[in-house]
Q: 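I'd like to ask some things about the structure below.
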Amino acid sequence: MHPRLAEDLNSLPDLLDAARKLAGEALAGLPDRAAAVSPVAVARAPLPLRGVGGRGALEEFSQHWEPGFAASAGPRYLGFVTGGATPASLAGDWLTAAYDQNPASGMDSSAQELERETVGWLAELFGLGAEFSGAFVTGATMSTVTGLALAREWLGERAGVSISEAGLAALGPVTVLSGSPHSSILKALSFLGMGRTALRKIPVLPDREAVDVAKLAEALESLDGPAIVVANAGTVNTVDFDDLRAIAELKQHHDFWLHVDGAFGAFAALTPEHAELVAGLDQADSVVVDLHKWLNVPYDSAVQFTRRRDLQLRVFSNNAAYLGEIGETPDFLHLTPENSRRLRALPAWFSLVAYSRDGHREIVERCVSLARDLGARIDASPHWRLLAPVRLNVVCFSPAAEVGQDGIDALVRAITEDGTTFLTPTVYDGRPALRAAFSNWRTTPADVERVFAALERVRAG
């Protein structure tokens, strides 16, 4: 054994304790750490010729890289839709690395059963019935890829061919309909060979991002064959929701696969006030939910659901003698694009056991309340303009005076340099804008006060 490896093995408790201390200091310092750090060019060091051991690596990291890390786990990081990591999920994530299970196969441990239990709990959380099965994937994009791969196979089934066997050429052009599709839909269509031009955007309701269901019905009526419909359970700009029940009712007259993007909006199901927004989610054929967003588990973690596991097995099965026979309950390596992977279910399992539905409902309700608070402050300010109602947890706004994209980009830089918060840019209804997304379990009303003060300070400057 290499001397450095032997040394680290013999002092492993001390090494892990040193890492725990560094992590503890970082987490304790989140309230005062800059929410984001403007990137700077860093000269890359050559590959070390001699290892310095685990303690040396910790020192190297803390000196050269740690200062440039954002406080993305902190309460005032409002860019993208970024959750933190609850204490229990962090503990689960550390144990995920320590036990280093590969849940792709069920031949050697109970890890797969833990994942199945966790997926079942999540399905219950989102109101999905027993007919749904699911699996963990890296994020909403890979969940989308999985769901649309099943939709592609379903289209082949309708045409009497197996796309997984014959390839996409046996199917021909594909039609995908959506009102306000997330950018990952286009990425998935490209990745799956259906092509970005397969997407046809359907008009949305006035001053909304929700699809006009009547226009969707007209588009379906004009088709010669089946299609894929991508519905939104929470858009990224204004958290608008398509009428899922009305879309599902169209299946009585039209043939289509219903794929629902509920990356973070699906969590509306946890709150009595907002559960109606996702009514009809259980009528979908495939569902996307991101967990490193509002479940507040560490990156990377998402889950995909479908009611057609038979198609999933047809698309992703990986037959090899060393993997054993595919039984009545297929191993996860036969259900998603990945074979080997980490036990992503464990941090989610820890958080669900630790805080249950009530704890996660409180996080969702508090984030919604905080978003409304910031929205009200912005709406009352002469410096800013609220561009859409705060429907859930995202505030979409712009400067009161008209500015172009360059002006928005300059504001993003100024906000980042201020360090109090971090926001991401967007374009809403043709207008360059900013968006603040609340999904971190740590965020409090005091953080909203600090964020708004920083916005006023940056705009006044």
Q: Report the distance from atom OG1 of Thr238 to atom CZ of Arg391, rounding to the nearest 0.5 Å.
A: 4.5 Å
Q: Quick one: does Ser178's side chain have a donor or acceptor within less than 3.5 Å of a partner on Val230's backbone?
A: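 Side chain of Ser178 to backbone of Val230, a donor-acceptor pair under 3.5 Å: yes, one is there.
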Q: Going by ring pair (Phe, Tyr, Trp, His ring centres under 6.0 Å), name the pairs with one or both residues in residues 19-68, residues two or more places apart or in two chains.
A: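 Every pair satisfying ring pair (Phe, Tyr, Trp, His ring centres under 6.0 Å) with a residue in residues 19-68: Phe61-Phe69.
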Q: Nearest heavy-atom pair of Val37 and Gly68: which atoms, and what distance?
A: CB-O, 3.8 Å
Q: Got a donor-acceptor contact below 3.5 angstrom from the Asn440 side chain to the Arg442 backbone?
A: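 Present.
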Q: Are the side chain of Arg76 and the backbone of Thr420 linked by a donor-acceptor contact shorter than 3.5 Å?
A: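 Between the backbone of Thr420 and the side chain of Arg76 there is a qualifying donor-acceptor contact (under 3.5 Å).
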Q: Grab the two heavy atoms, one from Gly139 and one from Asp290, that are nearest each other, plus how far apart they are.
A: CA-OD1, 3.5 Å
Q: Are Leu16 and Trp94 packed together at the side-chain level, in the sense that at least one heavy-atom pair is separated by less than 4.5 angstrom?
A: no
Q: Look only at the side chain of Glu115 and the backbone of Phe136, and say whether a donor-acceptor pair between them is shorter than 3.5 Å.
A: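 Yes; at least one donor-acceptor contact below 3.5 Å.
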Q: Would Thr424 and Arg435 count as a side-chain hydrogen bond (donor to acceptor under 3.5 Å, both in side chains) if you check the C-alpha gap in whole Å, the side-chain angles of each, and the deciding distance to 0.1 Å?
A: CA-CA 6 Å; Thr424 38; Arg435 51 185 299 284; 3.2 Å; yes
Q: Within the distance-only criterion (no hydrogens, no angle test), does the side chain of Asn296 pair as donor or acceptor with the backbone N or O of Ser439 below 3.5 angstrom?
A: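 Yes, Asn296 side chain to Ser439 backbone: donor-acceptor pair under 3.5 Å.
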Q: Among pairs that include at least one residue of residues 30-50, which meet side chain to side chain donor-acceptor pair (under 3.5 Å), considering only residues two or more places apart or in two chains?
A: Arg33-Glu66
Q: Under 3.5 Å, which donor-acceptor pairs do the side chains of residues 188-200 form with other protein atoms, sequence neighbours left out?
A:
none

Q: Do Thr306 and Leu311 come within less than 4.5 Å of each other through their side chains, counting heavy atoms only?
A: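 In short, these two side chains do not touch, never coming nearer than 4.5 Å.
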Q: Just by distance, no angles: are the side chains of Glu209 and Ser180 close enough, under 3.5 Å, to form a donor-acceptor pair?
A: no
Q: Check whether any side-chain heavy atom of Leu295 lies under 4.5 Å from a side-chain heavy atom of Leu352, and answer yes or no.
A: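 A side-chain contact exists here, since the closest heavy-atom pair is under 4.5 Å.
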Q: Quick check: do Thr96 and Arg344 have side-chain heavy atoms less than 4.5 Å from each other?
A: no
Q: Is the backbone N or O of Arg208 less than 3.5 Å from a side-chain atom of Asp240, with the two atoms forming a donor-acceptor pair by type?
A: no
Q: For the pair Asp373 and Arg377, find out whether any cationic side-chain nitrogen is under 4.0 Å from an anionic carboxylate oxygen.
A: yes
Q: Minimum heavy-atom separation for Val303 and Val137, please, with both atom names.
A: N-CG2, 4.4 Å
Q: Is it the case that the side chain of Asp242 and the backbone of Val211 share a donor-acceptor pair, with hydrogens and angles ignored and the cut-off at 3.5 Å?
A: yes
Q: Looking at Asp17, I'd like to know if its CG atom is crowded, meaning that more than 12 non-hydrogen atoms belonging to other residues, nucleotides or ligands lie closer than 6.0 Å.
A: yes
Q: Inspect the surroundings of CD in Gln405 and state if more than 12 heavy atoms from other residues, nucleotides or ligands are less than 6.0 Å away.
A: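 It does: Gln405 CD has more than 12 such atoms within range.
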Q: For Phe397, enumerate each residue passing the ring-ring contact (aromatic ring centres under 6.0 Å, His included) test, keeping only those at least two apart in sequence or located in another chain.
A: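 So Phe397 forms a ring-ring contact (aromatic ring centres under 6.0 Å, His included) with Trp384.
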Q: Looking at Gln101 and Tyr99, would you say the former's side chain and the latter's main chain have a donor-acceptor pair under 3.5 Å?
A: yes
Q: To the nearest 0.5 angstrom, please state how far the CG atom of Leu58 sits from the NZ atom of Lys21.
A: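 Reported to 0.5 Å precision, the distance equals 11.5 Å.
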Q: By the side chain to side chain donor-acceptor pair (under 3.5 Å) test, which pairs, at least two apart or in different chains, include something from residues 51-60?
A: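 Residue pairs with at least one partner in residues 51-60: there are none.
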Q: Which value, rounded to the nearest 0.5 Å, describes the distance between Leu455 atom CG and Leu411 atom CG?
A: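 Here the rounded value is 9.0 Å.
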Q: How far apart are the closest heavy atoms of Pro67 and Ser62, and which atoms are they?
A: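 In this case the closest contact between Pro67 and Ser62 is CD-O, 3.4 Å.
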Q: Consider only side-chain N and O atoms of Ser72 and Thr82, and report whether a donor and an acceptor are under 3.5 Å apart.
A: no
Q: Phe332: which residues meet the ring-ring contact (aromatic ring centres under 6.0 Å, His included) condition with it, sequence neighbours left out?
A: none
Q: For residues 448-461, which residue pairs qualify under salt bridge (Lys or Arg N to Asp or Glu O under 4.0 Å), counting only residues two or more places apart or in two chains?
A: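 Of all non-adjacent pairs touching residues 448-461, those that pass salt bridge (Lys or Arg N to Asp or Glu O under 4.0 Å) are Asp418-Arg457.
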Q: With no hydrogens and no angle check, do the side chains of Glu365 and Thr271 hold a donor and an acceptor under 3.5 Å apart?
A: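 No, because no side-chain N or O of Glu365 sits under 3.5 Å from a partner of the opposite role on Thr271.
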Q: Looking at every non-hydrogen atom in both residues, tell me the closest pair between Pro347 and Gly92 and how far apart they are.
A: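 The pair with the smallest heavy-atom distance is CG-C, 4.0 Å.
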Q: Among all residues two or more places apart in sequence or in another chain, which pass the ring-ring contact (aromatic ring centres under 6.0 Å, His included) test with Phe80?
A: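 Checked Phe80 against ring-ring contact (aromatic ring centres under 6.0 Å, His included); zero matches.
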Q: Are Leu387 and Asn237 close enough that some pair of their side-chain heavy atoms sits under 4.5 Å apart?
A: no
Q: To the nearest 0.5 angstrom, please state how far the CD atom of Glu338 sits from the CG atom of Asn102.
A: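 Between atom CD of Glu338 and atom CG of Asn102 there are 10.0 Å.
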Q: Using the side chain to side chain contact (heavy atoms under 4.5 Å, CB included) rule, take Trp294 and Leu270 through it: C-alpha gap first, then chi angles, then the decisive distance, then the call.
A: CA-CA 11 Å; Trp294 231 344; Leu270 275 64; over 6 Å; no
Q: Mind checking the CG-CG spacing from Leu150 to Asp285? Nearest 0.5 Å is all I need.
A: 9.5 Å
Q: Taking Tyr355 for the side chain and Ala88 for the main chain, is one N or O donor matched with an acceptor at less than 3.5 Å?
A: yes
Q: Side-chain contact test, heavy atoms from C-beta onward, threshold under 4.5 Å: evaluate it for Phe305 versus Leu122 and give yes or no.
A: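 In contact.
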Q: Just jot down the ring-ring contact (aromatic ring centres under 6.0 Å, His included) partners of Tyr299, sequence neighbours excluded, or say none.
A: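 Expected list: His292.
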Q: Take Met1 and Leu9, measure what side chain to side chain contact (heavy atoms under 4.5 Å, CB included) needs, and give me the verdict at the end.
A: CA-CA 10 Å; Met1 182 180 291; Leu9 178 60; 4.2 Å; yes
Q: Pairs under 3.5 angstrom only: tabulate donor-acceptor contacts from the side chains of residues 258-268 to other protein residues two or more places apart or in another chain.
A:
residue	atom	partner	partner atom	Å
His259	ND1	Ser286	OG	2.7
Asp261	OD1	Ala263	N	3.2

Q: Not counting sequence neighbours, list each pair that qualifies as a salt bridge (Lys or Arg N to Asp or Glu O under 4.0 Å) and has a residue in residues 86-101.
A: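 Residue pairs with at least one partner in residues 86-101: Asp93-Arg342.
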Q: Between Arg309 (side chain only) and Ser133 (backbone N and O only), is there a donor and an acceptor less than 3.5 Å apart?
A: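 Answer holds: no.
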Q: If you compare all heavy atoms of Leu27 against all heavy atoms of Pro31, which two are closest, and at what distance to 0.1 Å?
A: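 Here Leu27 and Pro31 meet closest at O-CD, 4.1 Å.
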Q: Just so I know, are the side chains of Met142 and Asp300 near enough to count as touching, which here means a heavy-atom distance under 4.5 Å?
A: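 Sidechains of Asp300 and Met142: no contact.
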Q: Applying ring pair (Phe, Tyr, Trp, His ring centres under 6.0 Å), which residue pairs with at least one partner in residues 405-446 are found, sequence neighbours left out?
A: Tyr77-Phe422
Q: Is there a side-chain contact between His274 and Val364 in this structure, where contact means two heavy atoms from C-beta onward sitting under 4.5 Å apart?
A: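 Side chain of His274 against side chain of Val364, heavy atoms only: no contact under 4.5 Å found.
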Q: Should Val236 and His182 be marked as a side chain to side chain contact (heavy atoms under 4.5 Å, CB included) after you check the CA-CA gap, both sets of side-chain angles, and the distance that decides it?
A: CA-CA 8 Å; Val236 293; His182 188 268; 3.4 Å; yes
Q: First locate atom CG of Asp331, then atom CG of Asn318, and finally report the distance between them rounded to the nearest 0.5 Å.
A: 10.5 Å
